[in-house]
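For this chain, numbers begin at 1 and follow the sequence in order. Read the numbers this way: they start at 1 and go in the same order the structure lists the ligands and their atoms.
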Amino acid sequence: MSQVFHDIEKKIISSLRENPKQSPESLEGSTGLSPDQIRRGIEWLKLKDLAIVNESKASLIRLGGNGLESIEKGLPERRLLDSLKDGPRRLSDLQRQLGSAFGPAMGLARRNSWVRTESDTVSLSNEPAEIPAERIIRQIGRQKIPKEMVSPSELAILLRRPDFVIEETVKTKVISLSDSAGSLEISDSSGAIDVEAGVPRVFVARTHPLKDTIDEVREIFVTLGFSEIIGGMTQPSFWNFDALFTPQDHPARELQDTFYLDGILAKKIAMPEQIRRVSDSHRRNWRYRWDINEARRMVLRTHTTCVTIRHLAETRPDEARVFSLGRVFRNEKVSYKHLVEFNQIEGVVVGKGVTLRDLMGIQREFYKRIGIARIKFWPTFFPYTEPSLQTMVYNERLGSWVELFGMGIFRPEVTRSLGITKPVLAWGGGIERIAMLKYGLDDVREFYNNNLSWLRGVHQDAGS
Ligand code: PHE
């Protein structure tokens, strides 16, 4: 694959291809880039696994004060020998001429038999062509050089003399190309930005698709002029069932359908008047012995209709448009289409002349806004509505009709007992079902699997 590089990277790569191991300083020299550009370029190449940086410590040497002086004037011993070239000299004379250098110079010269002394006269006996230290001093000159470049034994001699050589340790970087840089083709679109170059995928934080759907549903009802009402997730059976004209022996109340809060009975479930009229209605219409203790049993709400009916019983409005939204619980076997906890949306319209036709109109509008075009209504049954309908929506992908919201007009047995005098259009259903259609899922459990690749891949604005 041909990759596009920044000019800086290109210069560094081609310099390293010619000279495979380099310090940042030598790269500066060979590329003409600034230290800062070199530093950045190396960093980029390292991130792309194209450059390797080895850091090591190196010992460098340079001449100290005495060393530098002897470049110009010669080493003290050479100066001594030079001043004897024209014949023997007196000790005191030489001492004056050479100053502090005299002692060490004389010592060396004697030890190596370069000079002879007779009483107070010194004469040359055997002048060496080169003194080892001279070669090293010439070699180092005014530079800093790696210690390895000079002979260790010669350096040792020089190090014994004060301020001739100074040794320092420096950290050095050696830059080289990695194996993968070898096979690399460098595009020569000089410095242009390749807008089609591959980029790493990043996954930014996002909301869960189900949460998106919940928010969208809420938004639609708010836009349609509804207000949200909120109720508790635990409710006395009275509000979840009795107030909704669901007889106490109704199968929905069985343990295998409903979660009861074990041993918890609500003390105050409703106003005495409400309890009296609701229980009367049960006795008269369903003809059984209504038990207040059954109505006290606390449940995890099995639908949001309990929130609706409590609100209506409390406010007894002549007109209302409210909705509620939240988690409900059913003691069911988890499967591709059932969860024990899921989310419901529920709404009501209360008003003098409202009819079933209005109810169906609202449904159509809602489904249209959420992106579901083909719907139809089927008759069904709920204990608390009459007539009762069910929306069926067409799943294009599966080529079949699936049931969505339940709805109907609250029965007088429900409303009259609670002092609600105007007709109530009510509907409700699962949000997961809608989200499944939106995201094309066949298994509702997928929303709770935390499958990252699905969550990352799914589009926020998925339509059905
Ligand atoms: N409570 C019903 C359910 O959970 C839906 C519904 C709400 C039906 C209001 C009629 C009226 O399926």
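In the vicinity of His303, heavy-atom distances shorter than 4.0 Å reach the ligand 1 atoms 1 (N), 4 (O). Ligand 1 places these atoms under 4.0 Å from at least one heavy atom of Thr305: 1 (N), 7 (C). Applying the 4.0 Å criterion to heavy atoms of Ala426 picks out, from ligand 1, the atoms 9 (C), 11 (C).
In this structure, of Phe382, Phe410, Trp427, the residue bringing a heavy atom nearest to atom 9 (C) of ligand 1 is Trp427.
Shown are Trp378, Phe382, Phe377, Phe366; of these, the ring pair (Phe, Tyr, Trp, His ring centres under 6.0 Å) with Phe405 is made only by Phe366. Each of Lys147, Lys144, Lys57 was checked for a salt bridge (Lys or Arg N to Asp or Glu O under 4.0 Å) with Glu168, and the lone residue meeting it is Lys144.
Considering only non-hydrogen protein atoms, atom 6 (C) of ligand 1 sits nearest to Gly406 O, 3.7 Å. For atom 5 (C) of ligand 1, the nearest protein heavy atom (residue, atom name, distance) is Gly428 O, 3.5 Å. Atom 3 (C) of ligand 1 has as its closest protein heavy atom Gln344 NE2, 3.6 Å. Protein heavy atom closest to atom 2 (C) of ligand 1, with residue, atom name and distance, is Tyr384 OH, 3.2 Å.
Assignment of Arg330 to the shell around ligand 1 is supported, since a heavy atom sits closer than 4.0 Å.
Not a single donor-acceptor pair under 3.5 Å links the side chain of His303 to the backbone N or O of Val328.
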Checklist entry - Would Ile370 and Glu216 count as a side-chain contact (heavy atoms from CB on, under 4.5 Å) if you check the C-alpha gap in whole Å, the side-chain angles of each, and the deciding distance to 0.1 Å? => result CA-CA 8 Å; Ile370 202 101; Glu216 193 183 346; 4.0 Å; yes
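Glu294 and Ser237 are not linked by any side-chain donor-acceptor pair at a separation below 3.5 angstrom, with hydrogens and angles left out of the test. For the residue pair Ser453 / Asn451, a side-chain donor-acceptor distance below 3.5 Å is found, with atom types taken as modelled.
Checked against a 6.0 Å centroid threshold, the rings of Phe323 and Phe221 count as neighbours.
Taking any N or O of Thr302, backbone or side chain, none lies under 3.5 Å from an N or O belonging to ligand 1.
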